[in-house]
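Here is how names work: the chains are called A, B, and so on, in the same order as the sequence lines, proteins then strands, and each is numbered from 1.
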Number of protein chains: 2
Amino acid sequence: MKPTLQTVADAVGVSRSTVSNAYGRPDQLSPELRERILTAARELGYAGPNPTARSLRRGRAGAIGVLFTDVLSYAFRDPFAVRFLQGLSLAAERHQTGLLLIPVPDDPEAARAAVRNAAVDGFCVFCVAEGHPARQAIFERGLPVVGTELLAGDPEMLAAGIDEAAATRAAGMHLTALGHRRVAIVADMLHPAISPLGTVVREPSDVSYLGESERLRGYQQAWRKAGLDWDEVTIVNVRGNSREAGVEGAAQVLDRRDRPTALVAFSDVIALGTMDALRARGLRAGRDVSVIGFDDIPQAAEAGLTTVRQPATEKGRIAGELLLDPPATAEGRRVALPTELIVRASTGPAPDGRN
Amino acid sequence: MKPTLQTVADAVGVSRSTVSNAYGRPDQLSPELRERILTAARELGYAGPNPTARSLRRGRAGAIGVLFTDVLSYAFRDPFAVRFLQGLSLAAERHQTGLLLIPVPDDPEAARAAVRNAAVDGFCVFCVAEGHPARQAIFERGLPVVGTELLAGDPEMLAAGIDEAAATRAAGMHLTALGHRRVAIVADMLHPAISPLGTVVREPSDVSYLGESERLRGYQQAWRKAGLDWDEVTIVNVRGNSREAGVEGAAQVLDRRDRPTALVAFSDVIALGTMDALRARGLRAGRDVSVIGFDDIPQAAEAGLTTVRQPATEKGRIAGELLLDPPATAEGRRVALPTELIVRASTGPAPDGRN
DNA sequence: GTTGCCTTCTAAATCGATACAGTAGGCGCG
DNA sequence: CGCGCCTACTGTATCGATTTAGAAGGCAAC
């Protein structure tokens, strides 16, 4: 049998409460007795209060739930996601809390069950499509939920986010100001969760991730304002947020006769991939084709990639803080973080004439 | 007040046990009653049995602990680590279990407390240095522990690992068979946990990660056997497992007059970085300088990198299975996975004469 | 000497579920 | 009819801790 508080209490000849206090409230007993208790505990192989029992009594699970979907595990290849997670963990650490990655089965019912069975104090909705079966289960738990989308529908939802549309609007205007009129978008996350590959999504409202939807809208707004025809904008829908996906996505537009003079991506990782594709064709980023990314990961600076900077770690940290220490006032429940268009060498004036 | 089993039981007019059975053992009550109960629960806003209470009663936390150190968060940039984690999550999913990432504070006492407070059924020791304060705390919990090092000292420890030394021995012999005699090692993880940067570690026994220690030993064995002087082997100790670290590490040896004809790295990520460094200097991998990596991540194939293949996802999956369903026999408790030297274009005959 | 306060410890209630033994009622069968 | 057996449910102990109210003893002050 594993020793419990009672085992130790009996061994020392004190009450269970006193042993509990020895661990959790050292000021409640004399230092000598505490020392005796801790020594006895060590001898008995008692490793300290059972975290599960403590959680039950305290009413605090000591963990934040994060759904570990395929999407998320791929997302880990993106430094942005990793930094977000680091931020989350910073907040968690401050609150002596863990991050529970919940593997989500493909079967919808099993997915819901996984969410219901998670011993957590709240959920961080990160990389979970709008229509995902687990998503509803999350809200049904009645626990605090934090997302990264300021415009999320649920009024209960906490959020640490950016004005996605404003961010890409600025990026889009930067391009039109440089004279670009033939533009393409390369993006992951555009497809509805359960649609066949290759589905073409053009309208922001059809995008199943709110953030991506807004990014699309931002470009739409900027370019419409500049007089471009949205239907003329090429949208390449790649699967997966990776450099390779960027290479492949760019390949679909760069070899066309009327190749765009500018490419925008919804992540730096993809943008860097499109730059690889340019290089492979002897095209110069910022001269022959301008490229804009999103996130401003460290590699973006090295590659001279123009991009939208958002504070990754801070986003995670604030999301965590919101979850673990929810503000009383409704205003405080949605935190808007700043973004900034970082102009580097990958954007330049549109080349003259036909190619 | 949040509704509990009792709330629902009272509302329906049945006993608590019956409501519990409605969720956990549908065969124990009539379908009609079950439906009535679930409906009532929904109306009362009862989200299902409290996972913490269930955990306590069942004696199963429903989570595997993984220490989330800085090292691990950097490791996420390596596809190998991500795939390992995916494997772990596969096993976890099968056992309806989560992965609890435990943020580890810098303060040693706080780090130990974090481990003691984690509600988990076992730990996976991944990317935790031998001397790390949290490491001992893990074993003190008396829970199952799985590692990735077959030779780990603790006899209690479960392991899913490879014969690291044999793997690098094969790689080392491949190089000497090709005539290489001026070789260098570029590796992260060599430094003792709490040593100043730049400390030079040459002996396997001084390496604080067992796996890396064995990899070093493998090269040492291969090259000594081939008559090379170990002291002549350049060892570059980089900080961090990243492509950039590889670039920087390679820079330290490639610009020397007696530049090595072969570079070996302890991860593909670093090896790919060294190949970047070669390219930047107009050197051809496999012709001017041979390069060997470790892991065989997908990018290695694309880059034509010779490397040691190890089954990443499988390693994680088996680690998880060992933890969640420990074999009765001692033999089954350490699973050896196969490795294979994958020879690609990045290795070739040593160039003749001086450079 | 009594009152009151402080320190140090104890007893009992409680957190929210699950498991197991037990009971009541219905049904088949010789 | 009486026995056994099955189905459907209940009651109670239990998981391992924390918390709160309270008791015992010591000491100072009036």
Atom pair NE2/CZ of H132(A) and R112(A) - distance to nearest 0.5 Å: 10.5 Å

Pairwise distance OH(Y23(B)) to CG(N117(A)) - rounded to 0.5 angstrom: 12.0 Å

Check: R334(A) side chain, A159(A) main-chain N or O, donor-acceptor pair, under 3.5 Å: no

Residue of the set V71(A), D70(A), L72(A) for which side-chain contact (heavy atoms from CB on, under 4.5 Å) holds with F68(A): L72(A)

side-chain contact (heavy atoms from CB on, under 4.5 Å) partner of L158(B), the single match among V125(B), V335(B), V146(B), I318(B): V146(B)

Integer-rounded Å distance: [N] [atom2] and [X] [atom1]:
X	N	atom1	atom2	result
N117(A)	dG16(C)	CG	P	17 Å
L5(B)	dA19(C)	CG	P	12 Å
L33(A)	dT8(C)	CG	P	10 Å
Y46(A)	dG16(D)	OH	C1'	8 Å
R57(B)	dT18(C)	CZ	P	9 Å
R54(A)	dA17(C)	CZ	P	21 Å
R58(B)	dG16(D)	CZ	P	16 Å
Q28(A)	dT7(C)	CD	C1'	10 Å

Minimal non-hydrogen separation, V12(B) against A40(B), with atom names: CG2-CB, 3.5 Å

Under 4.0 angstrom between T4(B) side-chain N/O and dC15(C) OP1 or OP2: no

S15(B) vs A53(B), nearer the 5' end of DNA chain D by closest nucleotide: S15(B)

Base dA19(C) to side chain S17(B), donor-acceptor N/O within 3.5 Å cut-off: yes

Sorted by number, the residues of residues 18-26 of chain B with heavy-atom contact under 4.0 Å to DNA chain C: S20(B), R25(B)

Upstream residue (5' side of DNA chain C) when D27(A) and L56(B) are each assigned their closest nucleotide: D27(A)

Distance-only side-chain donor-acceptor flag, T97(A) / R60(A), under 3.5 Å: yes

Shortest side-chain distance from R16(A), nucleotide among dT18(D), dA17(C), dA19(C): dT18(D)

S30(B) side-chain proximity, nearest of dG16(C), dC9(D), dA17(D): dC9(D)

